[in-house]
Amino acid sequence: MNFLEAKILSDAVVKPGNILKIDNFLNHQIDIGIIRQIAQELCQRFSDAPVSKVLTIESSGIAIAVMVGNLLNVPVVFAKKSETANSTDEKYLSQAYSFTHKKMNNVYVSRPYLLYSDRVLIIDDFLADGQAVHALIDIASQAGAEVLGVGIAVEKGQQQGGRMLREAGYRLESVAIIENMDCQSQTIRFREQL
Ligand code: 5GP
């Protein structure tokens with residue numbers, strides 16, 4: 001069992017609707033030690049990838065992405081879910097259905113922050129049905145940037161996102177993959193990773 005699986009077993013709460021609550025170390029309060037370890041693990045798994053930019057989506061992906069960007073010493077761009085009045089830049093636009101908020105979000109990145117020459121590592125906290133990651137891949141492809149891979153803290157293996165990305169040929173690394181979880185008994189089982 002790795003450090004993140006152990007942390008999930010000790011701290012996470014399984015909520016109805018296949019939601020894992022890890023507010024005390026990732027989604028509300030941020031445990032810097034755990035986030036640092038997640039980032040180090042992802043950087044090690046992508047150590048051969050010549051990443052020029054880290055791309056994530058607000059808000060919970062940002063903490064991990066910043067830590068990864070810090071280790072790789074590359075800029076971090078986060079896609080926004082609402083258009084701000086103070087940005088007049090042209091934007092790349094995609095859409096993602098939010099698994100946790102049950103609504104469709106527009107997702108934006110200002111054009112100057114993603115270039116044709118960029119080699120992108122996509123980072124997010126959770127992978128469920130893959131909506132958020134697909135929106136980020138769409139935005140990267142609109143920019144003509146190359147997606148080198150996708151790094152995730154917690155993949156929920158019983159949802160389709162991971163399978164779809166792997167079948168589409170993307171390099172996907174998840175620090176913890178949940179095989180199944182049950183909110184009645186509060187049991188969580190992880191997929192074995194080599
Ligand atoms: P997807 O787009 O892959 O369906 O869902 C991923 C996004 O939804 C992540 O960015 C994450 O914020 C949120 N999410 C999905 N499942 C969970 C979950 O079980 N717990 C939490 N805290 N967030 C989740």
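Here the structure is a predicted model, which means the values were calculated and not measured. Just so you know, ligand 1 is whichever comes first in the structure, and atom 1 is the first atom listed for that ligand. Hydrogens, waters and symmetry mates are skipped; everything else that's a heavy atom, side chains included, is used.
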Asks: Please name all residues satisfying side chain to side chain donor-acceptor pair (under 3.5 Å) with N73, sequence neighbours left out, ordered by chain then number.
Replies: none
Asks: With side chain to side chain contact (heavy atoms under 4.5 Å, CB included) as the test, pick out the partner of I139 among I57, L114, V120.
Replies: L114
Asks: Do L20 and I188 come within less than 4.5 Å of each other through their side chains, counting heavy atoms only?
Replies: yes
Asks: Got the residues with a heavy atom under 4.0 Å of ligand 1, by chain and number?
Replies: N18, I19, L20, N27, F99, T100, D124, D125, F126, L127, A128, D129, G130, Q131, A132, K156
Asks: Got a list of side-chain donor-acceptor pairs under 3.5 Å for residues 147-158, not counting sequence neighbours?
Replies:
unit_1: E155; atom_1: OE1; unit_2: R166; atom_2: NH2; d: 2.9
unit_1: E155; atom_1: OE1; unit_2: S174; atom_2: OG; d: 2.6
unit_1: E155; atom_1: OE2; unit_2: R166; atom_2: NH1; d: 2.9
unit_1: K156; atom_1: NZ; unit_2: N18; atom_2: O; d: 2.8
unit_1: K156; atom_1: NZ; unit_2: Q159; atom_2: OE1; d: 3.0
unit_1: Q158; atom_1: NE2; unit_2: N18; atom_2: OD1; d: 2.9

Asks: Got a donor-acceptor contact below 3.5 angstrom from the D129 side chain to the F99 backbone?
Replies: no
Asks: Side-chain atoms of residues 31-40: list all donor-acceptor pairs with protein atoms under 3.5 Å, sequence neighbours left out, distances to 0.1 Å.
Replies:
unit_1: D31; atom_1: OD1; unit_2: G33; atom_2: N; d: 3.0
unit_1: D31; atom_1: OD1; unit_2: I34; atom_2: N; d: 3.1

